[in-house]
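Atoms within a ligand are numbered from 1 in the order they appear, just like the ligands themselves. All residue numbers in this chain count up from 1 along the given sequence.
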Amino acid sequence: MQNIYNKKFESIGIPPKKLATQFEKLGERRFRAKQVMKWIYSRNILDFEQMTDLPTELRLWLTENGKITLPETVEVARSDDGSAKFLFRLDDGKLVESVYIPDKNRDRNTICVSSQVGCKFDCAFCATGKMGFSRNLSSTEIIGQIYIVRQYIAQGGKNLTNIVFMGMGEPLDNLDAVVDSIEVLNVDAGFGIGHRKILVSTVGIPEQIEKLMNSDIKPKLAISLNAPNNRLRSKIMPINKKYPIEKLIPLVQKYFKYSKRWVTFEYVMFAGINDSLKFADELVRLIKDLPIKVNLIPFNEIDGFDFKRPDDRIVMRFQSYLLANSLVVTIRQSKGRKIAGACGQLAGKEVLNSR
Ligand code: SAH
């Protein structure tokens, strides 16, 4: 067999149809893709020589020409609440983070995964935004993070149940790789995780949400609203100048029809900025009767940022107002705060070397 590809044949993080086509181009049967995937994702075998249901010639060829790339784990920071933050180094030396978030009460084990190194959108309160944008991750790099964190979860005797694209970066700004990675997560030969256990969180980019609706996948969608009017939203999320709130509202209906699930509006709460009942009332008026649930996220304070976390009482008062007006509202419990592993705190800093 000849290697028609100029580089090594990547075998992890490639969606099944693409991998099958790549095998086909080598003159191999399409079902080799499924076989290889099963070894990697179900049996945790990363050595082609051990993939005993492949023909010997193919095994030898893959050993020579194939690869299964995982990021290097630089550090794991564990928190008392069981959550853990992983710092990974990619092939080109760039750093990204993932977080493992256990939830015993609901028997749920979630990985929060990064989709980009840095981010273009520069939200005023976000640590990743302050890094600027470096590059997109490949689906191999997205799946690599999940693969390693899943092994960690398995060591604790637990199963991975949920994935949230809420780590570093804007997933819809790297849609192709995110869609590819969700296919791998989804199929039985991959991680076998259902669409409703996968959540994509976005700053709200209408044309990319439309594109997502043209793919085969139907993850849950969360839009980071963070303010109920354009004046305030544009101040804290520059993207709002380009895509104001009224452009997002019709998409909520549309995505609900597409996915059959309610869309989430995330509302990070900042003390004295968007946490008064006046804003709660504006939010009610904005989304009443829409298939939207609200997730209130008390801001996780970050060094060097002026934003403050509101008192719990204020957060609960805001929630009560929404509930009294028949909205569906949850408050995000902040896990991993001490390890700076909570939402928006991921900045891919190498802690070890700077100590
Ligand atoms: N770019 C995507 C996904 C990454 S941010 C998005 O914007 O949705 C994931 C969530 O964390 C968003 O709702 C964002 O508003 C929130 N977030 C960012 N920084 C935060 C912080 N310091 N504290 C709490 N939530 C934060």
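Contacts of Glu170 with ligand 1, taken as heavy-atom pairs under 4.0 Å, involve both backbone and side chain. By the criterion of a heavy-atom distance under 4.0 Å, both the backbone and the side chain of Phe125 are placed next to ligand 1. Neither the backbone nor the side chain of Ile223 comes within 4.0 Å of ligand 1, counting heavy atoms alone. By the criterion of a heavy-atom distance under 4.0 Å, the side chain of Ile297, and not its backbone, is placed next to ligand 1. At a heavy-atom distance under 4.0 Å, only side-chain atoms of Val268, from C-beta outward, approach ligand 1. Within the 4.0 Å heavy-atom criterion, the part of Ile302 lying near ligand 1 is the side chain and not the backbone.
For the residues Gly167, Ser201, Gly129, Ser114, the heavy atom positioned nearest atom 4 (C) of ligand 1 is part of Gly167.
With respect to Asn226, the side chain to side chain contact (heavy atoms under 4.5 Å, CB included) criterion is satisfied by exactly one of Ile297, Ile273, Val268: Val268.
Listed by number with element, the atoms of ligand 1 under 4.0 angstrom from any heavy atom of Gly169 are 1 (N), 2 (C), 3 (C), 4 (C).
With 3.5 Å as the limit, one finds no donor-acceptor pair spanning the side chains of Thr161 and Asn109.
Taking CZ of Arg150 as the reference point, atom CD1 of Ile163 lies at 9.5 Å (rounded to 0.5 Å).
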Determine, step by step, whether Tyr152 and Phe86 satisfy the ring-ring contact (aromatic ring centres under 6.0 Å, His included) criterion, reporting the C-alpha distance in whole Å, the side-chain angles of both residues, the deciding distance to 0.1 Å, and the verdict.
CA-CA 10 Å; Tyr152 174 90; Phe86 290 71; 5.1 Å; yes
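Using a 4.5 Å heavy-atom threshold, the side chains of Ile217 and Leu212 count as touching.
The closest approach between any non-hydrogen atom of Ser115 and ligand 1 is not below 4.0 Å.
With sequence neighbours left out, Glu72 forms a side-chain contact (heavy atoms from CB on, under 4.5 Å) with Arg89.
The number of heavy-atom neighbours closer than 6.0 Å to CZ of Arg29, taken from other residues, nucleotides and ligands shown, is 12 or below.
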